[in-house]
K.L.:
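Okay, handing you the structure first.
Chain A is the first sequence line, chain B the second, and so forth, proteins listed ahead of strands; every chain is numbered from 1.
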Amino acid sequence: MPKREIAELLRGSVGVGTDVAVRGWVRTRRDSKAGLSFLQINDGSCFASLQVVADGTLPNYAQEIQHLGSGCAVTVRGELVESMGRGQSVEIRATEIAVEGWVDDADTYPISPKRHSFEFLREVAHLRPRTNTFGAVARVRNCLAQAVHRFFDASGYLWIHTPIITASDTEGAGELFRVSTLDLAHLPRDADGAPDFSRDFFGREAFLTVSGQLNVEAYCLALSKVYTFGPTFRAENSNTSRHLAEFWMIEPETAFADLSDNADLAEALLKHLFRTVLEERADDMEFFAQRIHPDAISRLQAVVDQPFERMTYAEAVRALQDAKKKFAFEVSWGADLQSEHERYLTEEYVRRPVVVTNYPKGIKPFYMRLDDGGETVAAMDVLAPGIGEIVGGSQREERLDVLDSRLVECGIDPAPYGWYRDLRRYGTVPHAGFGLGLERTISYVSGMANVRDVIPFPRTPGSADF
RNA sequence: UCCUCAGUAGCUCAAUGGUAGAGCAUCCGGCUGUUAACCGGAGGGUUGUAGGUUCGAGUCCUACCUGAGGAGCCA
């Protein structure tokens, strides 16, 4: 008897009348005193559960089946039949139900068949994938990750596995987590009494990466079209619904490309991701639209159907200054846009994703290409309704002399950047790239308001359970 | 890190400074090709922690802990 995924059976790819076996976990049991029970079985292969009809004549009916409850693991064998009830087209008429794993104490099993707050479910992160919501999030997350690779592969980009451990502590993007094997209780000291990192594992200080960008630029300037996709770490004490200490980031880098090409790529990537998830995870998206965010589907559809708005930072500042809305922070040229400003632009001013470009150089890092005029850099942020900044990127400074003066201007010691400067010494070309936060993308797609609920085991300040 | 709010049954929440309750979940019984099932019953509590005010504190005060929302930082 072939074992089947529930998704296959509900898709109709197995004929009615076939003997099948399914394995999964009981969601609910409903008894009929007419002498049969109905089990909803879910195996995670799709959003829906499969109804199993258990007749009272089954040998373990009274002993076992009538005591099955939410969370129990079972193997069901039987015939796939057209359902006599409403609500599902097919069901399994069981000939055998084997209990694989009981629920130890149904009274305290956290995932009872009722509504739970996301805050509570975070405390049982090892069990929350058994809920409708977190099953859907997991499938959508997988769908998006697979779509990222398919998009880049089809576009001729190479996936570059940039290092997780980095020796540079001055990449300019936030606080870093230290990687060390030194004995903290007996820390070796140098002559000045400072920790002697020459005795550390790598013979120097080392950290977890905050971005694969600098490394991937090296491969970009040889292989033309490359991207990284992996975990990223920031030791910022950020306590918001949009920040994690460990998150996944997608960072493409394109040679012979300028800022406009870069924005085109970001737009094409986002549209591809949204189109794919609407198509391949229609069941989960339907759930998100019904229970999580009413516009979950319609707003993705809208993004896919129309071009992104584009405006320069200067235009954005003007729009904000002309806005009737009162902001807590005043808008003036030279200052970074506040969250409230970004939100106004994308949610009220253009009401869809918007690419803001050419920010003042003073608020952007050294590696962004200086624009003609010398006041702005070729930076771009993609702002999306509901989450704000979803993409941050730029055309990179490919001119060695300008890069050097920018390093000085930003007060950065050029010494550790020898290899990065080499890329400008030997066959430099214009190139551009950006970072797309996977969790923020999932958050936007699903309508899940907190990125802690779109990653399996969230790491945030003061919290690394599981 | 800063500001604001919240911690009461397994969960979601009530309770004027005066006997701690409901719904859901769980268990038991009834009913039904059921499907957010329905009806009845039962068990379930050191009110986040430590102090303080008061005849009396879930409620008021102080500190701390935890969580959430917002800000900053950013993806």
K.L.:
Once you apply a heavy-atom cut-off of 4.0 Å, does A:Ser117 come out as touching a base, just sugar-phosphate, or nothing?
P.N.:
sugar-phosphate
K.L.:
Answer yes or no: side-chain N or O of A:His116 and base N or O of B:rC11 forming a donor-acceptor pair under 3.5 Å.
P.N.:
no
K.L.:
If you check the A:Arg122 side chain, which of B:rA75, B:rA37, B:rA68 turns out closest?
P.N.:
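For the A:Arg122 side chain, the nearest candidate turns out to be B:rA68.
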K.L.:
Just call it for A:Thr240: base, sugar-phosphate, or nothing, with non-hydrogen atoms closer than 4.0 Å on any strand.
P.N.:
base
K.L.:
Give me the one residue out of A:Val22, A:Leu50, A:Thr95, A:Val26 that meets side-chain contact (heavy atoms from CB on, under 4.5 Å) with A:Val76.
P.N.:
A:Val22
K.L.:
Using a strict 4.0 Å threshold on nitrogen-to-oxygen distance, state whether A:Arg310 and A:Glu267 make a salt bridge.
P.N.:
yes
K.L.:
For B:rA37 and B:rC24, measure between their C1' atoms and round to the nearest Å.
P.N.:
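To the nearest whole Å, 14 Å.
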K.L.:
Taking for each residue the nucleotide of RNA chain B bearing the nearest heavy atom, is the 5' side occupied by A:Gln40 or by A:Trp248?
P.N.:
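Nearer the 5' end of the strand: A:Gln40.
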K.L.:
Mind checking which stems touch RNA chain B? I mean at least 3 consecutive Watson-Crick or G-U pairs, both distances under 3.5 Å.
P.N.:
B:1-7 with B:65-71, B:10-13 with B:21-24, B:26-30 with B:38-42, B:48-52 with B:60-64
K.L.:
Can you list every side chain to side chain donor-acceptor pair (under 3.5 Å) pair that touches residues 133-143 of chain A, not counting sequence neighbours?
P.N.:
A:Arg139-A:Asp284, A:Arg141-A:Glu439, A:Asn142-A:Gln146
K.L.:
Is any side-chain N or O of A:Arg452 closer than 4.0 Å to OP1 or OP2 of B:rA68?
P.N.:
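For B:rA68, OP1/OP2 do have a side-chain N/O of A:Arg452 under 4.0 Å.
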K.L.:
With nearest nucleotide decided by heavy atoms, which residue, A:Leu337 or A:Gly462, maps closer to the 5′ end of RNA chain B?
P.N.:
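It is A:Gly462 whose nearest nucleotide is closer to the 5' end.
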K.L.:
Considering only B:rC73, B:rU1, B:rU12, which nucleotide approaches the side chain of A:His243 most closely?
P.N.:
B:rC73
K.L.:
Listed in order of residue number, which residues of residues 51-67 of chain A have a non-hydrogen atom at under 4.0 Å from RNA chain B?
P.N.:
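Contacting residues: A:Gln51, A:Val53.
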K.L.:
Among A:Gln395, A:Glu217, A:Arg396, find the one that has a side-chain hydrogen bond (donor to acceptor under 3.5 Å, both in side chains) with A:His431.
P.N.:
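It is A:Glu217; the other options fail the test.
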K.L.:
With respect to the phosphate group of B:rU32, does any side-chain polar atom (N or O) of A:Ser32 fall under 4.0 Å of OP1 or OP2?
P.N.:
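False: A:Ser32 side-chain N/O out of range (4.0 Å or more) of B:rU32 OP1/OP2.
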K.L.:
For the pair A:Asp43 and A:Arg4, find out whether any cationic side-chain nitrogen is under 4.0 Å from an anionic carboxylate oxygen.
P.N.:
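Looking at A:Arg4 together with A:Asp43, the answer is no, because their closest N to O distance does not fall below 4.0 Å.
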K.L.:
Report the nucleotide, chosen from B:rU26, B:rA25, B:rC73, that has the shortest atom-to-atom distance to any side-chain atom of A:Glu236.
P.N.:
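Nearest listed nucleotide: B:rC73.
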K.L.:
Assess the side chains of A:Gln66 and A:Ser37: does a donor N or O sit below 3.5 Å from an acceptor N or O?
P.N.:
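No, no side-chain donor-acceptor contact under 3.5 Å.
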K.L.:
Would you compute the distance between atom CG of A:Leu36 and atom CG of A:Asp31 and round it to the nearest 0.5 angstrom?
P.N.:
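Reported to 0.5 Å precision, the distance equals 9.0 Å.
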K.L.:
Give a yes or no on whether a donor-acceptor pair under 3.5 Å exists between the nucleobase atoms of B:rC74, that is its base, and the side chain of A:Ser238.
P.N.:
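Checked by distance alone, the answer is no.
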K.L.:
When the C1' atoms of B:rU8 and B:rA22 are compared, how many Å lie between them, rounded to an integer?
P.N.:
13 Å
K.L.:
Do nucleotides 38-45 of chain B as a string where each nucleotide becomes B, S or -: B if the base has a protein heavy atom under 4.0 Å, S if just the sugar-phosphate does, - if no protein is that close.
P.N.:
-----B--
K.L.:
Measure from the side-chain heavy atoms of A:Glu91 and tell me the nearest of B:rG72, B:rG33, B:rG67.
P.N.:
B:rG33
K.L.:
Base, sugar-phosphate, or nothing: which does A:Pro461 touch, judged by heavy atoms less than 4.0 Å apart?
P.N.:
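No contact.
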K.L.:
Tell me, which pairs form a side chain to side chain donor-acceptor pair (under 3.5 Å) where one or both residues lie in residues 350-360 of chain A, sequence neighbours left out?
P.N.:
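Output for this query lists A:Gln306-A:Arg352, A:Glu309-A:Arg352, A:Asn358-A:Asp371, A:Tyr359-A:Asp381.
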K.L.:
When rounded to the nearest Å, what value does the distance between P atoms of B:rG7 and B:rC39 take?
P.N.:
30 Å
K.L.:
Indicate, with a heavy-atom threshold strictly under 4.0 Å, whether A:Gln88 touches base, sugar-phosphate, or nothing.
P.N.:
base
K.L.:
What pairs of residues pass the side chain to side chain donor-acceptor pair (under 3.5 Å) test when at least one of them lies in residues 327-348 of chain A, not counting sequence neighbours?
P.N.:
A:Lys325-A:Glu348
K.L.:
Give me the distance, rounded to whole Å, that separates B:rC64 from B:rA20 when you measure between the P atoms they each carry.
P.N.:
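My reading of the P atoms in B:rC64 and B:rA20 gives 31 Å.
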